[in-house]
Amino acid sequence: MNIRFLTAHLTRDLREIVHRARHNGAASAWTCARTHAANALLLAMAKFHRAPRVWCPCCGWAGYAFRAVDAEACVLYNSECPQCVSHERHRMTHLFLTARPPAFLKDGKRVLHFAPERHLRGFLDGPGALRCVSADLAPEKLRLVGGPAFRTDIQCLPLPDATWDGLVCIHVLEHVDDDRRAVDELRRILKPGGQALIMVPFGMHLERTAEYGRGHEIMFGHVRDYSPRDFSERLGGFHFEEIRPSALFTREEQRRYGIPDSEIIYLCTK
Ligand SMILES: [Zn+2]
């Protein structure tokens with residue numbers, strides 16, 4: 001790393017911090033500064049500590065730690081793979097689908113992938129006759145993965161009843177006004193015996209889910225902050241299995257893959 005590169009990097013970071021201070025306030029600028037400092041420290045540590053400590057199952061990258069992510073309200077440490085940009089949920093799902101592939105990953109099944117993540121397409125676009133279609137409210141998100149896709153609102157799906165074998169819906173429900181209606185729609189379009197893989201971000205400290213009433217300005221536009229203690233109440237009508245990281249990994253494996261306890265998969269069966 002030469003001095004010119006370092007200076008350019010620092011100048012860019014400082015500009016961003018100042019911009020955040022002016023437009024979003026001191027707390028936001030402080031989060032931004034801590035994120036940049038954490039990632040600079042990671043680069044330095046990687047120089048001195050060459051033995052990998054973490055490993056990304058999505059792309060095979062190994063290193064000292066995953067990058068810190070600026071979440072505006074807080075810093076998410078050890079979160080983002082510097083190579084494939086996978087986050088905790090992608091690594092958790094990748095390992096789960098590898099270890100315990102659901103029935104809908106079998107040949108000939110019809111799978112609808114909401115807010116499609118490219119990290120999972122290796123499973124959903126795999127060989128065989130698996131038919132995967134993507135759906136999102138934002139067309140630009142659909143262009144990231146290609147393949148058959150359509151724009152839709154998950155709360156009001158323009159699809160007939162009982163027509164899909166599998167649904168993948170990861171970090172979507174926290175963005176919609178009426179998540180119970182969205183879950184009803186998921187159940188409606190699934191065939192009997194079909195399965196939906198659902199994940200939401202959890203506030204592990206919350207006793208009850210906190211409703212904001214509208215998209216929170218500094219929480220990625222989330223309409224609510226889910227508690228793992230009451231989330232399953234919203235899955236009414238589904239039989240579901242709650243798969244926690246501790247059911248799949250040892251503590252050492254969780255640390256190696258950068259998967260915290262909050263990454264919980266709900267495998268819901270109609
Ligand atoms: Zn990766």
Side-chain angles (χ1 to χ4, degrees), residues 1 5 9 12-13 32 34-72 74-102 105 111 113-127 130 132 134 136 138 140-147 168-172 174 197-202 220 243-265:
M1 190 184 300
F5 175 84
H9 212 74
R12 190 196 64 191
D13 291 354
C32 184
R34 283 186 297 144
T35 307
H36 285 308
N39 286 329
L41 186 63
L42 285 184
L43 284 177
M45 292 301 287
K47 288 273 182 204
F48 295 108
H49 201 291
R50 292 188 181 276
R53 297 165 69 243
V54 299
W55 180 72
C56 175
C58 299
C59 73
W61 177 85
Y64 181 76
F66 295 108
R67 285 172 55 81
V69 170
D70 179 350
E72 185 87 30
C74 63
V75 183
L76 305 174
Y77 294 101
N78 198 35
S79 178
E80 183 179 271
C81 172
Q83 183 164 276
C84 75
V85 203
S86 74
H87 285 197
E88 297 88 336
R89 62 185 182 276
H90 304 124
R91 298 191 290 272
M92 172 71 178
T93 315
H94 183 106
L95 290 164
F96 170 70
L97 293 177
T98 302
R100 288 185 45 192
L105 285 184
V111 179
H113 188 188
F114 292 94
E117 298 92 349
R118 61 184 174 78
H119 301 88
L120 304 182
R121 297 306 283 217
F123 296 96
L124 301 174
D125 297 330
L130 185 76
C132 181
S134 304
D136 201 309
E140 65 274 14
K141 299 280 179 60
L142 296 173
R143 285 193 284 273
L144 295 176
V145 292
V168 178
C169 180
I170 298 174
H171 284 218
V172 174
E174 68 274 17
L197 188 158
I198 297 175
M199 291 180 84
V200 295
F202 281 123
F220 304 109
I243 300 144
R244 292 178 179 259
S246 58
L248 298 178
F249 315 116
T250 63
R251 273 287 163 200
E252 167 55 24
E253 287 169 332
Q254 265 187 260
R255 191 201 59 73
R256 186 189 315 150
Y257 304 134
I259 298 175
D261 291 340
S262 55
E263 300 304 311
I264 304 171
I265 290 174

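Note that ligands are numbered from 1 as they come in the structure, with each ligand's atoms numbered from 1 the same way. Both backbone and side-chain heavy atoms feed into the values below; hydrogens, waters and symmetry mates do not. Residues take their numbers from the sequence shown, with the count starting at 1.
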ask   = Strictly under 6.0 Å, is that where the ring centroids of Phe123 and His94 end up?
value = yes
ask   = At the Zn ion (ligand 1), what is the angle formed between atom SG of Cys81 and atom SG of Cys56, rounded to the nearest 10°?
value = 110°
key: SG (Cys59) to the Zn ion (ligand 1) to SG (Cys84) angle, given to the nearest 10 degrees   =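 About 110° at the Zn ion (ligand 1).
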query = How about His119: does one of its N, O or S atoms come closer than 2.8 Å to the Zn ion (ligand 1)?
reply =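 No, since none of the N, O or S atoms of His119 sits under 2.8 Å from the Zn ion (ligand 1).
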key: Cys58 near the Zn ion (ligand 1) via N/O/S, less than 2.8 Å   =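 Here the distance criterion (N, O or S atom, under 2.8 Å) is not met by Cys58, so no.
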task = Determine the interplanar angle of the Phe249 and Tyr257 rings, folded into 0 to 90°, and report it as parallel if under 30°, tilted if 30 to 60°, perpendicular if over 60°.
result =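 Answer is perpendicular, since the angle exceeds 60°.
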task = Identify whether the distance between the nearest side-chain nitrogen and carboxylate oxygen of Asp136 and Arg143 falls below 4.0 Å.
result =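 So Asp136 does not pair with Arg143 through a salt bridge.
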ask   = Taking atom types as modelled, is there a side-chain donor on Ser134 or Arg121 under 3.5 Å from an acceptor on the other?
value =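 Per modelled atom types, Ser134 and Arg121 side chains form a pair under 3.5 Å.
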